[in-house]
Student: 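Dropping a structure here in structure tokens format, bear with me for questions.
None of the values given here were measured: they were computed from a predicted structure. Only this structure's heavy atoms are used, side chains among them; waters, hydrogens and symmetry mates stay out.
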Amino acid sequence: MSTPLPPEALAARLADVYLVVGPLYRRVSRAVERDQPVMGMSVGVRAVLEQLHREGDLTVPAIAAAQELSRQFVQRMVNDARAAELVELVDNPRHRRSSLVRLTADGRAAIAAVVDREHRLLRQVAGGLTAAEVDATLRVLRAMLDGVPGPGA
């Protein structure tokens, strides 16, 4: 087992991770968005649909908090998704003024198609990566996310 890096060395190495994560995120986002004009789905709408696909019905504030986005931005994405008939608003038994956002059948089909297309794109990643390496990458990225204060912190 390796020795943990001292804070200064760790900070420098994690800064290297940021230098890769930013361009990677933008490249994948552009590729997905470039492939989505037929559905009229932006990266923001896709993020909302994917979260609903993973977690089920959610309120706009819950989606915003999970994605660390403004409630107003998420509301715009939900409005766009509603206009495209990808989501619907349903009564929330826990809160009368905050409706739940639910995928429609078209929304479920659309996000399934997007995820399938994204997986086909990501299957092109070479390098013989192992499950352990991917697990380690996820552990590092989650530690970085947990270690950086969020909005209002």
Student: With clusters defined by side-chain heavy atoms of hydrophobic residues (ILVMFWY) lying less than 4.5 Å apart, directly or transitively, does Ile63 cluster with Leu69?
Tutor: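 Same cluster: Leu69 reaches Ile63 through Ile, Leu, Val, Met, Phe, Trp or Tyr contacts under 4.5 Å.
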Student: Just verifying a value: how many Å separate Leu58 CG and Leu103 CG, rounded to the nearest 0.5 Å?
Tutor: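 Separation between the atoms: 9.5 Å.
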Student: If I compare all heavy atoms of Pro61 with all of Arg71, which pair ends up nearest, and what's the gap?
Tutor: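 Heavy atoms only, the tightest pair is CG-CD, 4.2 Å.
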Student: Is it possible for you to say whether Leu10 and Leu141 belong to one hydrophobic cluster, with membership spreading through side-chain heavy-atom contacts below 4.5 Å?
Tutor: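 Yes; tracing contacts between hydrophobic side chains, which count when under 4.5 Å, links both residues.
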Student: Going through the distances and angles, do Val45 and Val87 end up as a side-chain contact (heavy atoms from CB on, under 4.5 Å)?
Tutor: CA-CA 10 Å; Val45 168; Val87 300; over 6 Å; no
Student: For the CD atom of Glu118 and the CZ atom of Arg123, what is their distance to the nearest 0.5 Å?
Tutor: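 If I round to the nearest 0.5 Å, the distance is 11.0 Å.
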Student: OG1 of Thr59 to NE2 of His95: how many Å apart, nearest 0.5 Å?
Tutor: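 So the OG1 of Thr59 and the NE2 of His95 are separated by 8.5 Å.
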Student: Would you say Glu8 has more than 12 foreign heavy atoms packed within less than 6.0 Å of its CD?
Tutor: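 No.
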Student: Grab the two heavy atoms, one from Pro93 and one from Leu100, that are nearest each other, plus how far apart they are.
Tutor: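 Looking at all heavy atoms of both residues, the closest pair is CD-CD1, 4.2 Å.
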Student: Near Glu85 CD, under 6.0 Å, is it more than 12 heavy atoms from other residues, nucleotides or ligands?
Tutor: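 Not more than 12 within 6.0 Å, no.
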Student: Where do Leu145 and Glu68 come nearest, in terms of heavy atoms and distance?
Tutor: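 Closest heavy-atom pair between Leu145 and Glu68: CD1-OE2, 4.4 Å.
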Student: Restricting to non-hydrogen atoms, name the atom on Leu52 and the atom on Val101 that form the minimum distance, rounded to 0.1 Å.
Tutor: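 Where Leu52 meets Val101 most closely, the heavy atoms are CD2-O, 3.4 Å.
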Student: Any chance CZ of Arg54 has more than 12 other-residue heavy atoms, nucleotides or ligands included, within less than 6.0 Å?
Tutor: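 Counting other residues, nucleotides and ligands, CZ of Arg54 exceeds 12 neighbours.
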Student: In this structure, would Val140 and Tyr18 fall into the same cluster of hydrophobic residues linked by side-chain contacts under 4.5 Å?
Tutor: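 They do share one cluster, since a chain of ILVMFWY contacts under 4.5 Å joins Val140 to Tyr18.
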Student: Look at the side chain of Gln67 and the backbone N and O of Ala47, then say whether any donor-acceptor pair between them is shorter than 3.5 Å.
Tutor: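 Indeed, once roles are kept as given, a pair shorter than 3.5 Å links the two residues.
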Student: For Arg96, look at atom CZ and say whether over 12 heavy atoms of other residues, nucleotides or ligands are found less than 6.0 Å away.
Tutor: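 No, because the 6.0 Å sphere around CZ of Arg96 holds 12 heavy atoms or fewer from other groups.
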Student: With hydrophobic residues grouped by side-chain heavy-atom distances under 4.5 Å, do Phe73 and Leu89 end up in a single group?
Tutor: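 Shared cluster, yes.
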Student: Decide if atom CG of Asp91 counts as having more than 12 heavy atoms of other residues, nucleotides or ligands within a radius under 6.0 Å.
Tutor: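 Incorrect, the count does not exceed 12.
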Student: Establish whether Val148 and Val21 are linked, either directly or via other cluster members, by ILVMFWY side-chain heavy-atom contacts under 4.5 Å.
Tutor: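 Yes, Val148 connects to Val21 through the hydrophobic network.
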Student: Any idea which heavy atoms bring Ala110 and Leu86 closest together, and the distance?
Tutor: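 Reported closest heavy-atom pair: CB-CD2, 3.9 Å.
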Student: On a heavy-atom basis, which atom in Glu88 and which in Thr104 lie closest, and how many Å separate them?
Tutor: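 Here Glu88 and Thr104 meet closest at N-CG2, 3.9 Å.
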Student: Could you check whether Asp146 pairs with Arg142 (Lys NZ or Arg NE/NH1/NH2 to Asp/Glu carboxylate O, under 4.0 Å)?
Tutor: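 Looking at Asp146 and Arg142, the cut-off is not met.
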Student: Please determine which of Arg76, Gln75, Arg82 meets the side-chain hydrogen bond (donor to acceptor under 3.5 Å, both in side chains) test together with Asn79.
Tutor: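 Result for side-chain hydrogen bond (donor to acceptor under 3.5 Å, both in side chains) with Asn79: Gln75.
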